[in-house]
Undergrad: 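Below you'll find the structure I mean.
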Amino acid sequence: MNHFTLQSYLSANIDIDNQKLQELLSKCAIKLYKSGSFLLKEGEKSQFSFFVEKGLLRQYSIDNKGKEHIIQFAPEKWFLADRESVYLKQPSSYFIQALEDTEVFLIEEKLMDKLSASDNNFMRFNNQLLHKHIASLQKRITQLQSATAEERYLDFIKTYPDILLRVPQTMVASYLGITPESLSRIRKGLAEKNYNSSC
């Protein structure tokens, strides 16, 4: 597995003064979460955005019948945050859990705001992250409303090309909003069409 760092990621995506970049990094804690442990639980208030250095996270909710609904996975080089909790100071409706031993950078909102105020390039980068997040959520809503289960599965493979090898099929089904049995039928149907799901 490749090992990415927040520094190399930011350097590749922002034209930012090195001193400001080092300031950001010096104020970000890096923490290891063991597989199965929680970065955030429902009802807690989140203070951080998380950048996955190594490993895999998932964000999910549990309905009043005890059923899990996975909102997002976050592998290496992904940011993950409960924005409502972080930015609006609301108790979280979600759980964020490590699915593997996972190293994450913890980034405080006030630090992002400070750098955005002092560096236009960082502000544009931060805004871009927000807009990508909004666009991703809009796409998820549209897909759940109108796309077929097979179409959602094919888009899942495109979005998360290596996740199928790292999570149980029950979690993939939860993300897609279908039953594991339906997922098995989709995979069987695609196999009969000679579709390679590992692509």
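These values consider heavy atoms only, across backbone and side chains, with no hydrogens, waters or symmetry-generated copies.
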Undergrad: So if you build clusters from Ile, Leu, Val, Met, Phe, Trp, Tyr with side-chain heavy-atom gaps below 4.5 Å, do L137 and V86 land together?
TA: no
Undergrad: Do F95 and Q59 have side-chain heavy atoms sitting under 4.5 Å apart?
TA: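 No, their side chains stay 4.5 Å or more apart.
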Undergrad: Donor-acceptor pair, S136 side chain versus K132 backbone, under 3.5 Å?
TA: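 No.
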Undergrad: Under 4.0 Å between a side-chain nitrogen and a carboxylate oxygen: does that hold for E151 and K139?
TA: no
Undergrad: Would you check if L39 and K31 make a side-chain contact, meaning some heavy-atom pair closer than 4.5 Å?
TA: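 Contact flag for L39/K31 side chains = no.
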Undergrad: Would you check if the side chain of T102 reaches a backbone N or O of E100 as a donor-acceptor pair within less than 3.5 Å?
TA: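 Checked: pair present.
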Undergrad: The test is salt bridge (charged side-chain N to carboxylate O under 4.0 Å, His left out); show your working for E76 and K54 and say whether it passes.
TA: CA-CA 5 Å; E76 292 84 1; K54 182 180 180 181; over 6 Å; no
Undergrad: Any link between M123 and L111 through a network of hydrophobic side chains (Ile, Leu, Val, Met, Phe, Trp, Tyr) touching at under 4.5 Å?
TA: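 Unlinked, M123 and L111 end up in two clusters.
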Undergrad: Report yes or no: does S85 contribute a side-chain atom to a donor-acceptor pair with the main-chain N or O of S46 at less than 3.5 Å?
TA: yes
Undergrad: Hey, does I163 have a side-chain heavy atom less than 4.5 Å from the side chain of I157?
TA: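 Counting from C-beta outward, I157 and I163 never come under 4.5 Å.
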Undergrad: Test of understanding: with salt bridge (charged side-chain N to carboxylate O under 4.0 Å, His left out), list the residues that count as partners of K89, not counting sequence neighbours.
TA: E109
Undergrad: If you apply the rule salt bridge (charged side-chain N to carboxylate O under 4.0 Å, His left out), what do you find for E84 with K45, and how did you get there?
TA: CA-CA 9 Å; E84 181 181 22; K45 290 185 179 180; over 6 Å; no
Undergrad: Can you find a pair of side-chain heavy atoms, one from I107 and one from L6, that are under 4.5 Å apart?
TA: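 Contact flag for I107/L6 side chains = yes.
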Undergrad: Taking S37 for its side chain and K34 for its backbone only, find out whether a donor-acceptor pair lies under 3.5 Å.
TA: yes
Undergrad: Side chains of Q72 and W78: closer than 4.5 Å at any heavy-atom pair?
TA: yes
Undergrad: Nearest 0.5 angstrom please: I70 CD1 to L176 CG, how far?
TA: 9.5 Å
Undergrad: Look only at the side chain of E44 and the backbone of K41, and say whether a donor-acceptor pair between them is shorter than 3.5 Å.
TA: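 Yes, the answer is positive, given that a donor and an acceptor are paired below the 3.5 Å cut-off.
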Undergrad: Do the side chain of S174 and the main chain of T170 share a donor and acceptor less than 3.5 angstrom apart?
TA: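 Checked: no pair found.
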Undergrad: Taking the side chain as every heavy atom from C-beta outward, state whether Q145 and I141 have any atom pair closer than 4.5 Å.
TA: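 Yes - at least one pair of side-chain heavy atoms lies under 4.5 Å apart.
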Undergrad: Could you tell me whether a side-chain N or O of S35 sits under 3.5 Å from a main-chain N or O of L99, the two making a donor and an acceptor?
TA: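 Flag set: sc S35 to bb L99 pair under 3.5 Å.
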Undergrad: I'd like to know whether V104 forms a side chain to side chain contact (heavy atoms under 4.5 Å, CB included) with E53, so could you lay out the CA-CA distance, the side-chain angles of the two residues, the decisive distance to 0.1 Å, and finally the verdict.
TA: CA-CA 5 Å; V104 297; E53 173 89 352; over 6 Å; no
Undergrad: Transitively linked via ILVMFWY side-chain contacts under 4.5 Å: I71 with I178?
TA: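 No, separate clusters.
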Undergrad: Pair E68, R58 - check salt bridge (charged side-chain N to carboxylate O under 4.0 Å, His left out), show working.
TA: CA-CA 11 Å; E68 292 184 0; R58 68 165 175 159; 2.8 Å; yes
Undergrad: Using distance alone, with no hydrogens and no angle criterion, decide if D155 and Q143 have a side-chain donor and acceptor under 3.5 Å apart.
TA: yes
Undergrad: I need the E150 CD to L190 CG distance, nearest 0.5 Å.
TA: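 Output value for this atom pair is 4.5 Å.
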Undergrad: I14, F105: one ILVMFWY side-chain cluster at the under-4.5 Å cut-off?
TA: yes
Undergrad: Just by distance, do the side chain of Q90 and the backbone of L88 share a donor-acceptor pair under 3.5 Å?
TA: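 Here the side-chain-to-backbone pair exists.
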Undergrad: Out of curiosity, R140 CZ to T159 OG1, how far, rounded to the nearest 0.5 Å?
TA: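 Spacing of CZ (R140) from OG1 (T159) equals 9.0 Å.
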Undergrad: With sequence neighbours left out, what residues match Y175 under ring-ring contact (aromatic ring centres under 6.0 Å, His included)?
TA: F73, F156, Y160
Undergrad: Side-chain heavy atoms nearer than 4.5 Å, only ILVMFWY residues, links allowed to pass through others: does that put Y87 and F122 together?
TA: no
Undergrad: Please answer whether the main-chain N or O of Q138 pairs with a side-chain N or O of T142 as donor and acceptor at a distance below 3.5 Å.
TA: yes
Undergrad: Just wondering, do L80 and I96 contact through their side chains at under 4.5 Å, heavy atoms?
TA: yes
Undergrad: Relative to the ring of Y9, is the ring of F51 parallel (under 30°), tilted (30 to 60°) or perpendicular (over 60°)?
TA: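 Aromatic pair F51/Y9 classed tilted.
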Undergrad: Calculate, to the nearest 0.5 Å, the distance between atoms CE and CG belonging to M171 and L56 respectively.
TA: 9.0 Å
Undergrad: For the backbone of D15 and the side chain of N121, can you confirm whether one donor and one acceptor N or O come within less than 3.5 Å of each other?
TA: yes
